[in-house]
> 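Let me begin by handing over the structure; questions about it come next.
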Protein chains: 2
Amino acid sequence: MIDREGPVPPYRQIANALRERIASGAIPPGRRIPSLIELEAEFGVARDTLRKAVRVLKDEGLVETVTGMGIYVVQRESSPSES
Amino acid sequence: MIDREGPVPPYRQIANALRERIASGAIPPGRRIPSLIELEAEFGVARDTLRKAVRVLKDEGLVETVTGMGIYVVQRESSPSES
DNA sequence: TCACATTTGTACGTATGTATC
DNA sequence: AGATACATACGTACAAATGTG
């Protein structure tokens, strides 16, 4: 799933993959993204790498992280707790 | 130098300290910031922590990192190599 | 061309703290 | 009290880019 030969670092590949899932509606707004532990198992990378990927999406405003809860796909201007 | 008791995490304290040096002119535009290794010795924190601090300043557009060179205080719209 | 040192970039593993359920 | 989950921090390792000799 992760191409470790190419020039694109894993954390960006994962960010792209997750962004695609969000854009395609596979993970709809307000829904939670798989936890870092689940993503760790899925992509076979360290949590720090996943956190970097999440950080990218966070900077893009696509997701919001809620401590103790998870990572949520943003709706528009509402927080995940409102759903 | 770093207060590990208070609520402000070290990487933010360092970001604040570096931002202050830039704002005060202690490190003028176009100049290089001490390398991560030097900062590591100065602040007594891990490089990962320093990276987070630098990341904050980078997001604020205050500095630019150049692989193999260093971290530079941005001028306005010019690159460090033009100095 | 080549080797080397320096510096940032990326990645992994681990541990602790904090918040939520 | 316990499980889950993100935030922060440390240590380590290797890769990539740059400059020098």
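Below, read A as the first sequence line, B as the second, and so on, with proteins coming before strands; counting in each chain starts at 1.
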> Side chain of B:Ala46 only, heavy atoms from C-beta on: which candidate in D:dT8, D:dC10, C:dT8 is closest?
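My answer, after comparing the listed nucleotides, is D:dC10.
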> Taking all non-hydrogen atoms of both residues, which atom of B:Val74 and which atom of B:Gly61 are closest, and how far apart?
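So the two residues come closest at CG2-O, 2.9 Å.
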> How many Å lie between NZ on B:Lys58 and C1' on C:dT7, as a whole number?
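In whole Å, C:dT7 C1' and B:Lys58 NZ are 13 Å from each other.
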> Of the options C:dT10, C:dC12, C:dT7, whose atoms approach the side-chain atoms of B:Ser35 most closely?
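The nucleotide sitting nearest to the side chain is C:dT7.
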> Would you mind telling me which of D:dC6, C:dG9, D:dA5 lies closest to the side-chain atoms of A:Ile37?
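Closest nucleotide to the A:Ile37 side chain: D:dA5.
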> Check for a donor-acceptor pair, side chain of B:Thr49 on one end and backbone N or O of B:Val45 on the other, with a separation under 3.5 Å.
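No: the side chain of B:Thr49 does not pair with the backbone of B:Val45.
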> Confirm from the modelled atom types if B:Arg47 and D:dG11 form a donor-acceptor pair under 3.5 Å, side chain to base only.
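Looking at the base of D:dG11, it does not pair with any donor or acceptor on the side chain of B:Arg47 (distance under 3.5 Å).
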> Using a 4.0 Å heavy-atom cut-off, does A:Arg55 contact any base of the nucleic acid, only the sugar-phosphate backbone, or nothing at all?
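If one applies the 4.0 Å heavy-atom cut-off, A:Arg55 turns out to touch nothing in the nucleic acid.
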> Taking B:Glu64 first and then B:Arg31, would you say they form a salt bridge - that is, a charged N and a carboxylate O separated by under 4.0 Å?
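A salt bridge is absent here (no side-chain N lies under 4.0 Å from a carboxylate O).
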> Atom CD of A:Glu38 and atom C1' of D:dC6: how far apart are they, to the nearest Å?
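Distance check: A:Glu38 CD to D:dC6 C1' gives 14 Å.
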> Could you tell me how far apart A:Glu64 (CD) and D:dA7 (P) are, to the nearest whole angstrom?
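Atom-to-atom, A:Glu64 to D:dA7, this comes out as 12 Å.
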> Does D:dA5 have its OP1 or OP2 closer than 4.0 Å to a side-chain nitrogen or oxygen of A:Thr65?
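Checking A:Thr65 against D:dA5: no side-chain N or O falls below 4.0 Å of OP1 or OP2.
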> Could you tell me how far apart A:Asp48 (CG) and C:dG9 (P) are, to the nearest whole angstrom?
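So the two atoms are 14 Å apart, to the nearest Å.
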> Between C:dT7, C:dC21, D:dT8, which nucleotide gets closest to the side-chain atoms of B:Tyr11?
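Of the candidates, D:dT8 comes closest.
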> So which atom in A:Ile27 and which in A:Arg32 form the shortest heavy-atom distance, rounded to 0.1 Å?
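Distance-wise, the nearest heavy atoms are CG2-O, 4.0 Å.
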> Just compare C:dT10, C:dG9, C:dG13 and give me whichever is closest to any side-chain atom of A:Pro9.
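Output: C:dT10.
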> Using 4.0 Å as the upper bound for N to carboxylate O, is an ion pair formed by A:Asp48 and A:Arg55?
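No, this pair does not count.
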> Without decimals, in angstroms, what is the distance between B:Arg4 CZ and C:dT18 P?
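Value for this atom pair: 14 Å.
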> Please pick, from D:dT8, C:dT20, C:dT10, the nucleotide with the shortest atom-to-atom distance to any side-chain atom of A:Lys52.
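Selected nucleotide (nearest to the side chain): C:dT10.
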> In whole Å, what is the span from the CD1 atom of A:Ile2 to the C1' atom of C:dT10?
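Nearest whole value for this atom pair: 13 Å.
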> On DNA chain C, nearest-nucleotide positions of A:Met69 versus A:Thr49: which is more 5'?
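Nearest nucleotide further toward 5': that of A:Thr49.
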> Report the distance from atom CG of A:Leu50 to atom P of D:dA7, rounded to the nearest whole Å.
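Checked: the CG to P distance equals 12 Å.
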> What's the CZ-P distance between A:Arg32 and C:dC21, to the nearest Å?
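It is 12 Å, rounded to the nearest whole Å.
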> Base, sugar-phosphate or nothing for A:Val45? Non-hydrogen atoms, less than 4.0 Å.
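Since only primed, P, OP1 and OP2 atoms lie under 4.0 Å of A:Val45, the category is sugar-phosphate.
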